[in-house]
Amino acid sequence: MSKKLVTSALPYANGALHLGHLAGAYLPADIYVRYLRLRGEDVVWVCGSDEHGAAITIRAKKEGITPQDIIEKYHALNKNTFEQFGISFDMYHRTSAEIHHETAREFFTKLYERGDQFIEKTNEQYYDAEYNQFLADRFIKGICPTCGYEEAYGDQCENCGSTLSPEELIEPVSTLSGNKPEKKETTHWYFDLKKHEKWLKEWIENGTLDGEPHHDPKAWKNHVVGQCKSWLDAEEGLLPRAITRDLDWGIKVPLPQADGKVLYVWFDAPIGYISATKAWAEQNGKNWEDYWKGDDAELIHFIGKDNIVFHCIIFPAMLKAYGDFKLPTNVPANQFLNFEGDKFSKSRGWGIEQHEYLEEFKDFPNKEDALRYALTRNMPENRDADFKWDEFVEFHDKELVGNLGNYLNRILVLTHKYFDGKVPASDVDLTEKYADILHLTASLAKRIELFDFKQAVNRLMEISSWGNTYLQDVSPWKIYKENPDSEEIAECMYVSLQVVTLLSALCAPFIPFTSEKIRNLLNLPALQNGDLNDILENLGAGKPLIDAGHSVNKPELLFAQINDRKDDSRKQIIERQKEKLVAILAQKAAEEAAKFKPVKPEISFEDFTKLDIRTGKITAAEPIKKADKLLKLTVDLGGQTRTVVSGIALQFKPEEVVGQQVAVLLNLAPRKMRGVLSEGMILMAENKEGKLSFVQSDEGFGEGLEVR
RNA sequence: GGCGCGGUAGCUCAGCUGGUUAGAGCGCAGGAUUCAUAAUCCUGAGGUCGGCGGUUCGGGUCCGCCUCGCGCUACCA
């Protein structure tokens, strides 16, 4: 039997996870793994906390605590929350563990010793002399060259969103000492991805590895293969990627000349899958290598779409460079889940985190499965999806309550009513009765195997729906009025109890808590690994899944309706969530209205007079090739005309701006853009929506006049 | 501009390697039923499958062009 190793993206131990994470990489993997276990497969599912990286140290410094405090907090929170949702990892490890440090160092050393995998580069980087430390991008703050924001980081300005490098910051400051950092030479190692480009292309596009078939590329999701191709087909190809950083939090680079350097977190994180497997194997008396290197080993990564390139290109390249490791047979990445029409955003409070949900819904019966179901039903498998509370309610009340829960309840009530809670005997031909549900069951299984969980869970409801329809068609309550001893009643209940038993097992991967409840109500033993095989076999052979004479327990409701006339407590929980969103929107609107951008640092009058701004008129305009946003403008300045390139093409068509009065900054250093030399800058005002408006003098006032 | 993903009923989405009258759930209209958590079941209305062209006996499904949405990327002095 093949050995399957399943991984889910390691959550960064710097914060809690929201519903989008759950729907992206953990819930689908849980469904898949639970299913495989029920089929008796040899499967191991590993995950864990990703606990390195500069973001954690920065946050620690800001909050006056240690990085260790942070990772302890979030490792515990995330691990615990996953457990509560029934996310059934075989191992939830952490990258701060010694076994991981060893594994990652060993991995690095092996590639280093191969000699041809890494490129060593020395360049100048900012250094904080007081702290005796090189500064990672995020340790440097300064003024954003684009928007003038004073708190921009060395990698990104959080005000305008532009991507920066530390060198671009104006007046850079170390966040450690607050001093101006100095430049100093430092050496780093880069992974030479270019060497792997050729076989990666083969592997991704054709599914062949070393000339042998490896996997069916058509079985991979379109967007996964597409994004990989987009990288592999890029003009410049795959660029070398830095594997080391100057930082004191992480895995020390195992080289004598690399004091004060750690492995870049992206390099050590995926190796976490390996060390987690080692830890699991140690605890369970297994050999981890069977799952990573064995001939019959299969590797499957569950991730969100932001991680595709790492798991389909970079990590496979690392594994191949190391040698012996099997590469993933599939990477069923999900897209993103939005929340009520917008992206999840912690800072804006938009969305709900997993542990928050558990807290807010603590009085909501079967809250774990209610959410698991809603997220599965609307999983972002092939495109972005949107989580809405109204949909949550609809799925819950219509499908879990009305279809599944109600069906079980009907069957249990009738079994007690007519047969004293015992499964009646019947000589009905089950093969014939099973025809439809056998087909649906096979389809459900197939869909899970294809990572199509949304369709799979639909099949589950279709089976329940088949049961409801069948019951309605026979209507034993009608027959009972005429002839209480009719064979037909026994037959109908006998068949229905088979269906309910089938549902108790088939629902387990999706809604495990409910599965357990149904098993209890049916007075059946808890499901064991491999049980689904027996069930499928009996189903195919027309044999009963629950025997005549077996006693079932008294009915109990599986799910309590949210829109309940007699009890609005659950509806109130939902309403509270919706109200929170309304409040956030209102607050946001208020803030926007009151916002006044901070004034830039004071300048002297002399500074101002350096600017030479004059009135002008656009006399010609044309688009620039291969540039979406740029227009080439010819501006009449009275005694002179100039060519100015302006980034306004998204909002203005060339013909619209001809004749436009403008103000032009004339003494700005000329600059070539997309092959056109720009000799000035058109002044524009920009509103909150990003809409542009020309700054201009009155029509006919004149060209070339100075603006002061 | 380049690359990728997507555009199917009012809404959310299925439609495998091209093949008979294009499907489901919700919503809507009508009806049946009472075992059941105002649950269930049946019937119906509703789609020029983003647009144009091509390959084919036949295209939602393949190819080309266009268009719209999203993502990455270049450009924004």
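Letters A, B, ... mirror the listed sequences (proteins, then strands); counts begin at 1. Please read these numbers as outputs of a predicted model, since none were measured by experiment.
In this structure, Gln561(A) reaches the bases: a heavy-atom distance under 4.0 Å links it to at least one base atom across the strands shown. At a threshold of 4.0 angstrom between heavy atoms, the contacts of Lys481(A) are confined to the sugar-phosphate backbone, with no base atom among them. As judged by a 4.0 angstrom heavy-atom cut-off over every strand, Val645(A) is placed among residues touching the sugar-phosphate backbone only. Nucleic acid contact class of Ser475(A) (heavy atoms, under 4.0 Å, all strands): none. Within the 4.0 angstrom heavy-atom criterion, only backbone atoms of the sugar-phosphate kind lie near Val413(A); the bases stay farther away. Using a 4.0 Å heavy-atom cutoff across all strands shown, Phe336(A) reaches no nucleic acid atom at all. Using a 4.0 Å heavy-atom cutoff across all strands shown, Gly405(A) reaches at least one base atom of the nucleic acid. Residue Lys566(A) is classed as a sugar-phosphate contact, given heavy-atom separations below 4.0 Å to backbone atoms only. Across all strands, Lys218(A) comes closer than 4.0 Å to no nucleic acid atom at all (heavy-atom distances). Across all strands, Leu558(A) comes closer than 4.0 Å to base atoms (heavy-atom distances).
Of the candidates rU37(B), rC75(B), rG71(B), rC75(B) carries the atom nearest the Arg674(A) side chain, counting heavy atoms from C-beta on. Checked against rC76(B), rC26(B), rC13(B), the side chain of Lys454(A) finds its nearest nucleotide in rC13(B). Across rG25(B), rC76(B), rC41(B), the shortest atom-to-atom separation from the side chain of Gln472(A) is found for rC41(B).
Atom pair Leu471(A):CG and rC35(B):C1' shows a separation of 7 Å (rounding to whole Å applied).
Distances shown here put every side-chain N or O of Ser465(A) at or beyond 4.0 Å from the OP1 or OP2 atom of rA24(B).
Centroid-to-centroid, the aromatic rings of His396(A) and Phe364(A) come within less than 6.0 Å.
For Asn409(A) and rA36(B), a side-chain-to-base donor-acceptor distance below 3.5 Å is absent, hydrogens and geometry of angles not being considered.
With hydrogens and angles ignored, the 3.5 Å screen pairs no side-chain donor or acceptor of Gln335(A) with any backbone N or O of Gly304(A).
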